[in-house]
K.L.:
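Can you keep this structure in mind? I'll have questions shortly.
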Amino acid sequence: TMHPFLGGDVVDCNHNGIVDAADIASGFSSDANDNDIPDECEDLPLPCGLELHRFAGAGGDIPDLGPDPAKGGGPFVSSIDVPEVGAITLIRVTLNDLLHPWAETLRIELTHTDDGGNVRTSSVSFQCGADWDFVGDYEFRDTGTQSVCNIVESDENGVLFIPEGIYFPNGGSGQQVQFAAIFGGLSSGGTWELSIWDRNDDGFAGTLGGWRLDVITESTADCNGNGIADDCELDTDGDGVIDDCDDCPNDPNKTAPGD
């Protein structure tokens with residue numbers, strides 16, 4: 001894997017086992033500036049020293065059944081089995097094609113069960129108290145600057161909706177929640193589960209197209225063993241091998257003489 005901030009060809013910056021060009025072509029990753037680098041890899045809080053691992057979860061129907069098991073109620077649930085990729089620094093959750101006419105009825109949660117059976121749960125969005133519509137893609141991250149509970153737009157028919165964008169996770173009525181406070185420092189491996197409860201049996205159902213889980217960890221590559229992540233060191237020829245480990249630091253086509 002080559003790091004986007006040091007130049008060169010980026011192969012698999014989001015560590016999902018698929019070349020970045022294919023991720024962009026399929027819509028798995030966006031590329032707003034058309035530079036052939038998935039946006040999630042360029043949008044990290046530090047210019048180096050971190051790596052992102054992206055995983056995909058399935059979508060489906062969100063039952064309009066309320067929480068009462070006697071009525072057949074229960075949440076929509078989708079799980080992702082994640083391998084161990086390091087201690088968690090940050091978590092991001094993106095809900096793709098979330099369509100639901102009542103934001104105030106939805107309780108959205110993220111749960112991590114590690115390989116030892118330990119369970120942690122965080123709110124993603126909790127019953128906003130506003131009857132606005134979810135109408136598309138919503139990303140939740142700790143560095144978001146607004147809540148889905150506090151922003152609204154109107155379409156040409158006067159229907160109120162929450163605009164697509166980046167938001168911070170909330171624990172109810174816009175109260176901010178920090179994923180890092182719940183998951184930070186923990187092992188990334190195990191099962192990650194997204195659940196969406198429609199808390200009212202009101203005749204309005206919804207759907208989720210799918211979801212993305214971004215696990216951000218500290219970079220582990222350190223080919224010269226100096227305690228500094230490789231993506232924070234000089235790579236003159238931009239071939240993904242830092243100068244200290246490259247016998248041909250000015251030739252991007254080889255790392256050893258005669259190759």
K.L.:
Kindly compute the distance separating OG (Ser30) from CD1 (Ile24), expressed to the nearest 0.5 Å.
P.N.:
8.5 Å

K.L.:
Considering non-hydrogen atoms only, spot the tightest contact between Phe76 and Gly60 and give its length.
P.N.:
CE1-N, 3.6 Å

K.L.:
Using a 4.5 Å cut-off on heavy atoms from C-beta on, say whether the side chain of Ile62 contacts that of Leu98.
P.N.:
yes

K.L.:
Tell me if a side-chain donor or acceptor on His112 pairs with a main-chain N or O of Leu186 at a distance below 3.5 Å.
P.N.:
no

K.L.:
Using every non-hydrogen atom in the two residues, find where Asp198 and Pro63 come nearest and quote the distance to one decimal.
P.N.:
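Closest heavy-atom pair between Asp198 and Pro63: CB-O, 3.2 Å.
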
K.L.:
State, to 0.1 Å, how close Pro257 and Cys248 come at their nearest heavy-atom pair, and which atoms those are.
P.N.:
N-SG, 3.5 Å

K.L.:
Does the Ser123 side chain pair with the main chain of Glu109, one donor and one acceptor, at a distance under 3.5 Å?
P.N.:
no

K.L.:
How many angstroms lie between CD1 in Ile37 and CG in Asp43, if you round to the nearest 0.5 Å?
P.N.:
12.5 Å

K.L.:
Looking at Asn96 and Gly209, would you say the former's side chain and the latter's main chain have a donor-acceptor pair under 3.5 Å?
P.N.:
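Not a single qualifying donor-acceptor pair exists.
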
K.L.:
With distance as the sole test, does Asp237 use its side chain to make a donor-acceptor pair with the main-chain N or O of Asp251 at under 3.5 Å?
P.N.:
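Indeed, once roles are kept as given, a pair shorter than 3.5 Å links the two residues.
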
K.L.:
Salt bridge check: are Asp137 and Arg212 linked by an N-O gap of less than 4.0 Å?
P.N.:
no

K.L.:
Could you tell me which non-hydrogen atom of Ala256 sits nearest to which non-hydrogen atom of Asp247, and how far apart they are?
P.N.:
CA-CB, 4.0 Å

K.L.:
Is there a side-chain contact between His53 and Leu213 (heavy atoms, below 4.5 Å)?
P.N.:
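When only atoms from C-beta onward are counted, Leu213 and His53 do not touch, as no gap falls below 4.5 Å.
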
K.L.:
Would you say the side-chain atoms of Glu84 pair up with the backbone N or O of Gly86, donor to acceptor, closer than 3.5 Å?
P.N.:
yes

K.L.:
Do Val93 and Phe168 share a hydrophobic cluster (ILVMFWY, side-chain heavy atoms under 4.5 Å, transitive)?
P.N.:
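As far as the 4.5 Å side-chain criterion goes, Phe168 and Val93 are not connected within one cluster.
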
K.L.:
Determine whether the side chains of Gln176 and Asp142 contain a donor N or O and an acceptor N or O closer than 3.5 Å.
P.N.:
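No, no side-chain donor-acceptor pair sits under 3.5 Å.
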
K.L.:
Is it true that the side chains of Trp192 and Thr111 contain a donor and an acceptor less than 3.5 Å apart?
P.N.:
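No donor-acceptor contact under 3.5 Å links the two side chains.
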
K.L.:
Determine whether the side chains of Glu193 and Thr113 contain a donor N or O and an acceptor N or O closer than 3.5 Å.
P.N.:
no

K.L.:
Between atom CG of Asp20 and atom SG of Cys41, what is the distance when rounded to the nearest 0.5 Å?
P.N.:
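Asp20 CG to Cys41 SG: 6.0 Å, rounded to 0.5 Å.
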
K.L.:
What closest approach, in Å, do Ser219 and Ala229 show between heavy atoms, and which atom pair accounts for it?
P.N.:
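The pair with the smallest heavy-atom distance is CB-CB, 3.6 Å.
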
K.L.:
Please say yes or no: joined through hydrophobic side-chain contacts below 4.5 Å, possibly via intermediate residues, are Val77 and Leu194 part of one cluster?
P.N.:
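No, it is not one cluster - the side chains of Val77 and Leu194 are not joined through contacts under 4.5 Å.
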
K.L.:
Got Glu233 and Asn226 here, is their nearest side-chain heavy-atom distance under 4.5 Å?
P.N.:
yes

K.L.:
Is there a side-chain contact between His100 and Leu208 in this structure, where contact means two heavy atoms from C-beta onward sitting under 4.5 Å apart?
P.N.:
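Answer no - side chains too far apart.
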
K.L.:
Does any part of the side chain of Arg54, heavy atoms only, come nearer than 4.5 Å to the side chain of Phe28, both counted from C-beta?
P.N.:
yes

K.L.:
Quick check: do Leu52 and Val215 have side-chain heavy atoms less than 4.5 Å from each other?
P.N.:
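No; the side chains remain at least 4.5 Å from each other.
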
K.L.:
According to a 4.5 Å side-chain heavy-atom criterion applied to Ile, Leu, Val, Met, Phe, Trp and Tyr, with indirect links allowed, do Leu90 and Val124 form part of one hydrophobic cluster?
P.N.:
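No, Leu90 does not connect to Val124 through the hydrophobic network.
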
K.L.:
Is the backbone of Cys13 close enough, under 3.5 Å, to the side chain of His15 for a donor and an acceptor to pair up by distance?
P.N.:
yes

K.L.:
So Leu95 and Phe140, do their side chains get closer than 4.5 Å, heavy atoms only?
P.N.:
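Yes. Closest side-chain heavy atoms under 4.5 Å.
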
K.L.:
State, without any angle test, whether Thr191 and Asp81 hold a side-chain donor-acceptor pair at a distance under 3.5 Å.
P.N.:
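A donor-acceptor contact under 3.5 Å links the two side chains.
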
K.L.:
Among Asp39, Asp214, Asp23, which residue meets the side-chain hydrogen bond (donor to acceptor under 3.5 Å, both in side chains) test with Asn14?
P.N.:
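Result for side-chain hydrogen bond (donor to acceptor under 3.5 Å, both in side chains) with Asn14: Asp23.
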
K.L.:
Looking only at heavy atoms, what is the nearest atom pair of Ser122 and Val177, with distance?
P.N.:
OG-CG1, 3.6 Å

K.L.:
Measuring from Arg141:CZ to Glu40:CD, what's the distance to the nearest 0.5 Å?
P.N.:
10.0 Å

K.L.:
Keeping Asp114 on the side-chain end and Gly116 on the backbone end, is there a donor-acceptor pair under 3.5 Å?
P.N.:
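Yes, Asp114 side chain to Gly116 backbone: donor-acceptor pair under 3.5 Å.
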
K.L.:
Output yes when a side-chain donor or acceptor of Asp31 lies under 3.5 Å from a complementary backbone atom of Asn35, and no otherwise.
P.N.:
yes

K.L.:
Let me confirm one number: the CD1-OG distance from Ile88 to Ser187, rounded to the nearest 0.5 Å.
P.N.:
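So the CD1 of Ile88 and the OG of Ser187 are separated by 7.0 Å.
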
K.L.:
Following the transitive rule for hydrophobic clusters with a side-chain heavy-atom cut-off under 4.5 Å over Ile, Leu, Val, Met, Phe, Trp and Tyr, establish whether Phe126 and Tyr167 coincide in one cluster.
P.N.:
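They do not share one cluster, since no chain of ILVMFWY contacts under 4.5 Å joins Phe126 to Tyr167.
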
K.L.:
Taking the side chain as every heavy atom from C-beta outward, state whether Glu139 and Ile166 have any pair of such atoms under 4.5 Å apart.
P.N.:
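Yes - at least one pair of side-chain heavy atoms lies under 4.5 Å apart.
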
K.L.:
Please report the C-alpha distance between Thr255 and Asp246 in whole Å, then the side-chain angles of each, then the deciding distance to 0.1 Å, and finally whether the side-chain hydrogen bond (donor to acceptor under 3.5 Å, both in side chains) criterion is met.
P.N.:
CA-CA 5 Å; Thr255 59; Asp246 191 342; 5.0 Å; no

K.L.:
Please assess Leu44 against Ile216 for the test side-chain contact (heavy atoms from CB on, under 4.5 Å), listing each intermediate value before the final yes or no.
P.N.:
CA-CA 9 Å; Leu44 294 175; Ile216 299 171; 3.8 Å; yes

K.L.:
Check whether Asp230 reaches the backbone of Cys223 with its side chain - one donor and one acceptor, N or O, closer than 3.5 Å.
P.N.:
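It does hold such a pair.
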
K.L.:
Apply side-chain hydrogen bond (donor to acceptor under 3.5 Å, both in side chains) to Asp243 and Thr236, showing your working.
P.N.:
CA-CA 7 Å; Asp243 289 2; Thr236 301; 2.5 Å; yes

K.L.:
Between Phe183 and Phe179, how do the two ring planes meet: parallel, tilted or perpendicular, split at 30° and 60°?
P.N.:
tilted

K.L.:
Donor-acceptor pair, distance only, cut-off 3.5 Å: does the side chain of Ser147 make one with the backbone of Cys149?
P.N.:
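Flag set: sc Ser147 to bb Cys149 pair under 3.5 Å.
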
K.L.:
Would you find more than 12 non-hydrogen atoms of other residues, nucleotides or ligands less than 6.0 Å from Glu218 atom CD?
P.N.:
no

K.L.:
Compile the donor-acceptor pairs under 3.5 Å between side chains in residues 151-162 and protein atoms, sequence neighbours left out, one pair per line.
P.N.:
unit_1: Asp155; atom_1: OD1; unit_2: Asn157; atom_2: N; d: 2.8
unit_1: Asp155; atom_1: OD1; unit_2: Gly158; atom_2: N; d: 3.0
unit_1: Asp155; atom_1: OD1; unit_2: Val159; atom_2: N; d: 2.8

K.L.:
If two hydrophobic side chains count as joined below 4.5 Å and joins carry through other members, does Val135 share a cluster with Trp211?
P.N.:
yes

